[in-house]
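Everything on this sheet refers to the single structure shown next.
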Amino acid sequence: MNTIDHIRLSPAGDGLIILDQSRLPGKAEYLELTTLAEMTEAIQSLRVRGAPALGIFGGFGLYVLAMRTWDRDFYESISRDARVLANARPTAVNLSRGVNRVLAAGLEGPNPARSRESMLREARAILDEDIATCRAISEQGLTLLRDGQCVLTHCNAGPLATSKYGTAIGPLILGAERGMHLRAIADETRPLLQGARLTSYELCRAGVDVTLICDSMAAWAMAQGMVDICFVGCDRVARNGDTANKIGTSAVAILAKHYGIPFYVLGPTSTLDLSCPDGEHIPIELRDPEEIRSAWYREPMAPEGVRCWNPAFDVTPHDLITGIITERGIARPPFEKSLPAL
Ligand code: MRU
């Protein structure tokens, strides 16, 4: 069976094993998930995260639930589970796409046993496509980099957020494999520190020369001439090129424009949502204020009860984006034309 390490089926195929990303880099702990409640909890607590990884997880997750569903009301039951799983987080379009692809394969019938087989085939296809896609995006991104250059990235769009290589940091990992000397600056990415905990971990393991900074230091790094180009991932790209990604991404884009630094979004075409006209129509997840008030220290980080606003994503307006790098090529403005053409 074609598997990746951080999302895989249990040997009997009736459980989904994930590397719990919320414990990294301190602990590499694997969890086996078998119920809908465990799967939605894993998504919402960011034990599994990153747009393409959520699509892969959603597909295999629904298959595991189908394995554990009686034949009697099979089709009603997997449809109900799919609705809950697809809506566990709202912003990344890949989650609902992955779940709905596997559901559609199952609903073709003609009976539960055959449906389970088709669902597994479809879940594997999503994974295989993502491996090929990330590789192609990494190749495309690498064409923009020269030896010695420094890429600033925000949040985590690496192997843990996908299947292999990743999107935004894929070119850095591929470049390192080919003996290039590329450098990276990773924003720590408050409040959940995906940049500190995951991106710098992945880049160190891949042998990429990475420097971790606080989000508030990006402007100064650019002002010092330390950044040649910005590469970020995406959770949903609207038809006009407006792009939802981790909160703080739009700030990086504004800074890049100010300092004349190219700003690229990297993502699979499965993250394009051409039915969504612009960023105003992208649903933005709001998360628990405690992530800001108290998450990382033993002592509270703010006065108890202080009001906090915790949007998990923001939208980078299309006019701040130099290009959108996909597995099918690089879309450039005007995105209304170049994205549908891909
Ligand atoms: O809240 P997260 O950690 O799921 O947010 C992830 C991101 O914003 C990534 O940049 C995005 O999903 C692209 S992953 C290739």
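Residue numbers run from 1 in the order of the sequence given. All ligand and atom numbering here is 1-based and tracks the order in the structure.
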In terms of side-chain heavy atoms, does [X] have a donor or acceptor partner in [Y] at a distance below 3.5 Å?
{"X": "Ser22", "Y": "Asp20", "result": "yes"}
{"X": "Glu177", "Y": "Tyr165", "result": "yes"}
{"X": "Thr326", "Y": "Gln140", "result": "no"}
{"X": "Glu41", "Y": "Ser45", "result": "yes"}

Does only the side chain of [X] get under 4.0 Å from ligand 1, or the backbone, or both, or neither? Count heavy atoms.
{"X": "Gln194", "answer": "side chain"}
{"X": "Thr162", "answer": "side chain"}
{"X": "Leu46", "answer": "side chain"}

Practice problem: Check ligand 1 against Ala157 and write out every atom of the ligand that is under 4.0 Å from a heavy-atom position of the residue. | Solution: 14 (S), 15 (C)

Is the shortest distance from a heavy atom of [X] to ligand 1 less than 4.0 Å?
{"X": "Ala92", "answer": "no"}
{"X": "Cys234", "answer": "yes"}
{"X": "Arg89", "answer": "yes"}
{"X": "Asn156", "answer": "yes"}
{"X": "Cys155", "answer": "yes"}

If I apply the N/O under 3.5 Å rule, does [X] come out as touching ligand 1?
{"X": "Ala51", "value": "yes"}
{"X": "His154", "value": "no"}
{"X": "Ala161", "value": "no"}

Taking [X] for its side chain and [Y] for its backbone only, find out whether a donor-acceptor pair lies under 3.5 Å.
{"X": "Asp147", "Y": "His181", "result": "yes"}
{"X": "Lys246", "Y": "Ala312", "result": "yes"}
{"X": "Asp235", "Y": "Thr91", "result": "no"}
{"X": "Ser96", "Y": "Ala86", "result": "no"}

Quiz item: Considering only heavy atoms, which of Arg49, Lys246, Glu285 lies nearest to atom 1 (O) of ligand 1?
Solution: Lys246

Quiz prompt | From Thr167, Ile137, Leu95, Leu193 - option closest to atom 15 (C) of ligand 1 by heavy atom | solution = Thr167

